[in-house]
Chemist: 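Input: one structure, supplied below.
Start at 1 and go down the list; that is how both ligands and their atoms are numbered.
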Amino acid sequence: MQLPEPLLQSLEGVPGFDRDAFVSVHQSGAQVTSVRFNPAKPVSGTGGHGLPLAGAVPWTQHGYYLEHRPSFTFDPLFHAGTYYVQEASSMFLEQALLQHAEVTQPLRVLDLCAAPGGKSTHLQSLISEGSLLVSNEVIKARAAILTENLTKWGGSNVVVSNNDPAHFARLEGFFDVLVVDAPCSGSGLFRRDPEAIGEWSPSAVQLCQGRQQRILADAWPALRQDGLLLYSTCSYSPEEDESILDWLMETFDCESLPLQRPDAGIVEIRSPRGAWGYRFYPDKIKGEGFFLAAIRKRDAATAPRHKVKSLEMLSQKESAALHRWMDGDGLRFLRHGQRVFAFPEDAVSDLVILQSALYLQSAGTVLGEPIRDKLVPDPALALSPRVSEEVLRCPLDYDNAIRFLQRQDLSLDAPKGWQLATFAGVALGWMNVLPNRVNNYYPREWRIRAQAPSPGPDPAGAPEGTFEK
Ligand SMILES: C[S@@+](CC[C@H](N)C(=O)[O-])C[C@H]1O[C@@H](n2cnc3c(N)ncnc32)[C@H](O)[C@@H]1O
């Protein structure tokens, strides 16, 4: 692996940069794989997840390294949203949130650059049920992947939007926490993705810096006074890290916040204007290149009055019928078009504002489409940890679970009607058992398309739909 010489030269003198160790860790071919478990979907069956765990990630509660990289595509528990494959350094976000936000209180959190959903699934696990996460992605195709990953994660307190950062100016002072995991020149991921080296150049770094400033300037008004900004990149370049912190300090009234580090390998820096930032180098910690900083907004933001369209609530009778399908404690059932969905009761007024200001891709948990007195259940309901205990469950063995996820026909001896297909006690999706056949309702766009790998671990990694920082 040939790292760009201009990159190495630009890092000379940057705190924590050790040229020889840095080059050598990139040339070693070593790969680090890590996952973060979903606390809302514990797996208790024999052997649990069966993943080859190799110790905890020191800066997060639910993150673990793996001894090697298994084929996630052919693990039903991956599709069930019981864990997310996430780069370890990125999980440091948890420390920043826990140290500087009141996560036990209801929070409105905006994850502005969210696809494919690593930070958003993490944030969802850290905030309270009555909090609200708005997970935004500007690129439409990527917003669809984000929705899929968040649907599988299962939280009802999430809204996915597909907006340009500039649109958030309509929500002045609305959010308590703003996460900007900015698009960047990507040098931090060179070890994992050597092909990205070819796309790197000093001018790409400049271009990214300009874009990062625009994104931050556009979203800044949406953060309330005393709200928390978490800024991160996977770039080593000071132009995208320290210089952005200095630009924030010069442009806005804000205060930089220090973080406690549970691992001495994380390098604490002070920018020329004194802002704190945290650098991750693969030769110093077990993870990829990453940068994170926490900033408190000081200037005032006034909450504007919104012209709002109301939402259609279900009647008590309609809602009562839905409790057979979902534990609705603390949730409100609402109608959108033909479908009904569940949303945290305390956040319904926020949703009314959001739908007036943004282009929403999804909100809460879709239960399905009521037809006469019956419900055609939605995949999101199957993947919600709140799906009712009353719903019939059909445990599948491994081979049938894979057939189900490939959307193939199944031949099973099961009672008639809607059933949750489960594996190791965790729901995968819906089947409708008819007298002469079983209809597989796994979404076509989510199905496994890859060929099954040969038995045994797959150190090179099998093709898969979801893996990112
Ligand atoms: C580093 S990735 C986000 C990764 C994500 N936070 C995660 O943890 O999985 C940056 C995201 O910003 C989006 N993006 C690109 N250009 C953008 C822009 N001008 N404004 C906002 N987002 C942008 C990209 O599509 C990409 O999804």
Chemist: For ligand 1, which atoms sit closer than 4.0 Å to a heavy atom of Ala182?
Modeler: 1 (C)

Chemist: For the CD atom on Gln2, are there more than 12 heavy atoms of other groups (residues, nucleotides or ligands in this structure) within a distance under 6.0 Å?
Modeler: no

Chemist: Of all the atoms in ligand 1, which lie at a distance below 4.0 Å from a heavy atom belonging to Pro165?
Modeler: 20 (N), 21 (C)

Chemist: List every atom of ligand 1 that sits less than 4.0 Å from any heavy atom of Pro116, numbering the atoms from 1 in the order shown and giving each element.
Modeler: 9 (O)

Chemist: Given Leu146, Ile215, Thr121, Ile139, which one has a non-hydrogen atom that is nearest to atom 18 (C) of ligand 1?
Modeler: Ile215

Chemist: Against Tyr236, only a single residue in Phe190, Phe280, Tyr281, Phe291 fulfils ring pair (Phe, Tyr, Trp, His ring centres under 6.0 Å); can you say which?
Modeler: Tyr281

Chemist: Find all atoms of ligand 1 within a distance of less than 4.0 Å from any non-hydrogen atom belonging to Asp181, and give their numbers and elements.
Modeler: 1 (C), 3 (C), 4 (C), 5 (C), 6 (N), 7 (C), 8 (O), 10 (C)

Chemist: Would you say Ser34's side chain and Gln86's backbone share a donor-acceptor pair under 3.5 angstrom?
Modeler: yes

Chemist: Applying ring pair (Phe, Tyr, Trp, His ring centres under 6.0 Å), which residue pairs with at least one partner in residues 117-141 are found, sequence neighbours left out?
Modeler: none

Chemist: Where's the contact between Glu137 and ligand 1, heavy-atom distance under 4.0 Å: side chain, backbone, both or neither?
Modeler: side chain

Chemist: Which bit of Arg142 is near ligand 1, meaning a heavy atom under 4.0 Å away: side chain, backbone, both or neither?
Modeler: side chain

Chemist: Return yes or no for this condition: an N or O of Val138 is under 3.5 Å from an N or O of ligand 1.
Modeler: no

Chemist: Can you check whether Glu255's main-chain N or O pairs, donor with acceptor, with Arg298's side chain at less than 3.5 Å?
Modeler: no

Chemist: Which of these, Ala166, Ser120, Pro183, has its nearest heavy atom closest to atom 14 (N) of ligand 1?
Modeler: Pro183

Chemist: Answer side chain, backbone, both or neither: which part of Cys234 comes under 4.0 Å from ligand 1, heavy atoms only.
Modeler: neither

Chemist: Does the Lys NZ or Arg CZ of Arg270 fall within the cation-pi geometry relative to Trp276 - under 6.0 Å from the ring centre and within 45° of the axis?
Modeler: yes

Chemist: Would you check whether Gln86 has a nitrogen or oxygen atom less than 3.5 angstrom from a nitrogen or oxygen atom of ligand 1?
Modeler: no

Chemist: Return the orientation label for the Phe72 and Phe78 ring planes: parallel under 30°, perpendicular over 60°, tilted otherwise.
Modeler: tilted

Chemist: Considering only heavy atoms of Arg211, which atoms of ligand 1 have at least one such atom less than 4.0 Å away?
Modeler: 19 (N)

Chemist: Which residues pass the side-chain hydrogen bond (donor to acceptor under 3.5 Å, both in side chains) test with Gln361, sequence neighbours left out?
Modeler: none

